[in-house]
Amino acid sequence: MATQRLANNLASAMLNQDDPDTVRAGAPAYLLLLDGMIRDNPKDQALLVAGSRLYGALASGLIQDSARIKRMSNRSRDYARQALCLRYKSLCQNENAPFEEFAASVNELGMDELSVLYAYATSWAGWIAARTDDWNALADLPKVELLLERIINKTPDYDNGRAQLYLAVMRSQLPPALGGKPETGRYHFEQAIAYSKGRDLIAKVEFARRYARLVFDQPLHDRLLKEVLEAPAQATDLTLSNILAKQQATRLLADDYF
């Protein structure tokens, strides 16, 4: 319990920090400490999930070097997979199976440990996002999508709407002319914003970037980004993400996309 509490406190300290540069400078020490704690407690699911979460947070917006992002996303996924294999052995064994076999394993789950499944799904999504030039990695997207669908079917507001946000991004990849269904993505973006009560500013940034740009809706795009800039950044476990969202909103408004 003491190690879990320390890991959760480390994660909370980083996520509630309002200076990204401080996190960039201090995160390596946090991560090395977590690595050591996990080595001492390799079967502690909560500790593995916390490690996955921290590595994923660092890879998703705090660093720019693509090689480092790949390494961080790989560690995030490895920790989440270790936690999954402790809890859901059948699904773990079928990770690389054809989709039908993987889906059968998912359908057999009791869905009583959403934190492990969510860490597994989101770390996998981050791992794929770091490898968009790898068609083998992209081929795994339907599996991640299925896991997130199962999570929101059980708990639609899971992680204050972040599960909805992951699905929204995945479902806003292709325009209608190429067979995409961006309106489905829009629905999940709106759900993510509603469940976070508008506090998760990255949801609006991604809504503008992924959906509004895809369908060339400049009024929606600009409105969303201006709302981000006007909103307060401080929110429990969202402050760091919101600071980064404001930085991204400024850049997106400044470029000449439309």
Side-chain angles (χ1 to χ4, degrees), residues 56-57 59-62 64 66 69-70 73 99 121-153 156-231 238 241-258:
S60 65
L62 282 165
Q64 303 300 321
S66 60
I69 292 172
K70 286 182 178 180
S73 65
F99 180 79
T122 55
S123 66
W124 200 351
W127 183 87
I128 293 170
R131 293 160 177 79
T132 54
D133 57 344
D134 183 346
W135 287 105
N136 290 323
L138 292 172
D140 286 339
L141 277 173
K143 294 179 178 179
V144 179
E145 199 170 341
L146 176 64
L147 288 169
L148 290 168
E149 284 175 351
R150 288 297 305 274
I151 290 168
I152 67 167
N153 285 343
D157 63 345
Y158 194 80
D159 195 21
N160 294 312
R162 273 286 174 104
Q164 298 274 358
L165 178 57
Y166 276 97
L167 271 177
V169 170
M170 290 180 187
R171 291 174 171 172
S172 302
Q173 302 296 320
L174 295 174
L178 295 178
K181 296 180 180 179
E183 293 310 310
T184 303
R186 178 171 188 156
Y187 167 79
H188 290 296
F189 278 122
E190 291 171 344
Q191 291 292 98
I193 293 167
Y195 284 129
S196 75
K197 296 181 173 60
R199 293 191 297 263
D200 190 354
L201 302 184
I202 201 67
K204 290 187 176 182
V205 170
E206 294 298 340
F207 193 1
R209 188 196 338 254
R210 309 288 181 175
Y211 173 84
R213 289 192 170 202
L214 184 68
V215 299
F216 287 90
D217 188 338
Q218 185 174 8
L220 174 64
H221 176 272
D222 292 355
R223 175 176 65 79
L224 288 166
L225 297 177
K226 288 175 182 176
E227 288 175 358
V228 168
L229 295 178
E230 293 167 1
L238 291 171
S241 174
N242 286 345
I243 294 289
L244 296 173
K246 285 176 174 288
Q247 294 175 356
Q248 293 176 38
T250 299
R251 290 194 294 269
L252 289 170
L253 280 170
D255 73 18
D256 192 23
Y257 183 84
F258 292 98

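Only a predicted model underlies this, so the values are computations on that prediction, with no experimental measurement involved. The first residue in the sequence is number 1, and the count goes up from there.
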ask   = Is any side-chain heavy atom of Lys204 closer than 4.5 Å to a side-chain heavy atom of Leu225?
value = no
note = Separation between CG (Leu201) and CD1 (Ile243), nearest 0.5 Å, reads 9.0 Å
query = Rounded to the nearest 0.5 Å, how far apart are CG of Leu165 and CG of Leu148?
reply = 10.0 Å
query = Would you say the side chain of His188 lies within less than 4.5 Å of the side chain of Met170, judging by non-hydrogen atoms?
reply = no
ask   = Quick one: CZ on Phe99 to CG on Asp140, what's the gap to the nearest 0.5 Å?
value = 11.0 Å
message = Assess the residue pair Arg131 and Asn136 against the criterion (side-chain contact (heavy atoms from CB on, under 4.5 Å)); give the C-alpha distance rounded to whole Å, side-chain angles, the decisive distance to 0.1 Å, and a yes or no.
response = CA-CA 9 Å; Arg131 293 160 177 79; Asn136 290 323; over 6 Å; no
request  = For side-chain contact (heavy atoms from CB on, under 4.5 Å), just list the numbers for Val205 and Leu224, CA-CA rounded to whole Å, side-chain angles, deciding distance to a tenth of an Å, and then say yes or no.
outcome  = CA-CA 7 Å; Val205 170; Leu224 288 166; over 6 Å; no
query = How are the rings of His221 and Tyr257 set to each other: parallel, tilted or perpendicular (split at 30° and 60°)?
reply = parallel
remark   = Correct closest heavy-atom pair for Ser60 and Ala57 would be OG-O, 3.1 Å
ask   = Measuring from Leu141:CG to Leu146:CG, what's the distance to the nearest 0.5 Å?
value = 12.5 Å
Which atom of Ala168 lies closest to which atom of Gly185, heavy atoms considered = CB-O, 3.6 Å
ask   = Is it true that the side chains of Gln164 and Tyr158 contain a donor and an acceptor less than 3.5 Å apart?
value = no
query = Is there a side-chain contact between Val215 and Arg186 (heavy atoms, below 4.5 Å)?
reply = no
query = Side-chain contact, heavy-atom cut-off 4.5 Å: Ile128 with Val144?
reply = yes
query = Less than 4.5 Å apart, any side-chain heavy atom of Leu229 and any of Leu253?
reply = yes
Minimum-distance pair of heavy atoms, taken over all atoms of Thr132 and Leu138 = O-CD1, 3.4 Å
query = Between Thr122 and Arg162, do the side chains contain an N or O donor and an N or O acceptor separated by less than 3.5 Å?
reply = no
query = Which is it for Glu206 and Tyr211 under the side-chain contact (heavy atoms from CB on, under 4.5 Å) test, yes or no, and what are the steps along the way?
reply = CA-CA 8 Å; Glu206 294 298 340; Tyr211 173 84; over 6 Å; no
Rounded distance [0.5 Å steps], CG in Leu238 versus CG in Asn160 = 7.0 Å
query = Would a 4.5 Å heavy-atom cut-off, applied to side chains only, mark Asp200 and Tyr195 as touching?
reply = no
ask   = What's the shortest heavy-atom distance between Leu214 and Ser172, and which atoms?
value = CD2-O, 3.7 Å
request  = Give the minimum heavy-atom separation between Ile152 and Ala163, together with the two atoms involved.
outcome  = CG2-CB, 3.6 Å
ask   = Is the shortest distance from a Lys or Arg side-chain nitrogen in Asp255 or Arg213 to a carboxylate oxygen in the other one below 4.0 Å?
value = yes
ask   = Taking all non-hydrogen atoms of both residues, which atom of Ala59 and which atom of Ser73 are closest, and how far apart?
value = CB-N, 4.0 Å
query = Between Phe189 and Val169, is any pair of side-chain heavy atoms under 4.5 Å apart?
reply = yes
ask   = Out of curiosity, Asp217 CG to Phe207 CZ, how far, rounded to the nearest 0.5 Å?
value = 8.5 Å
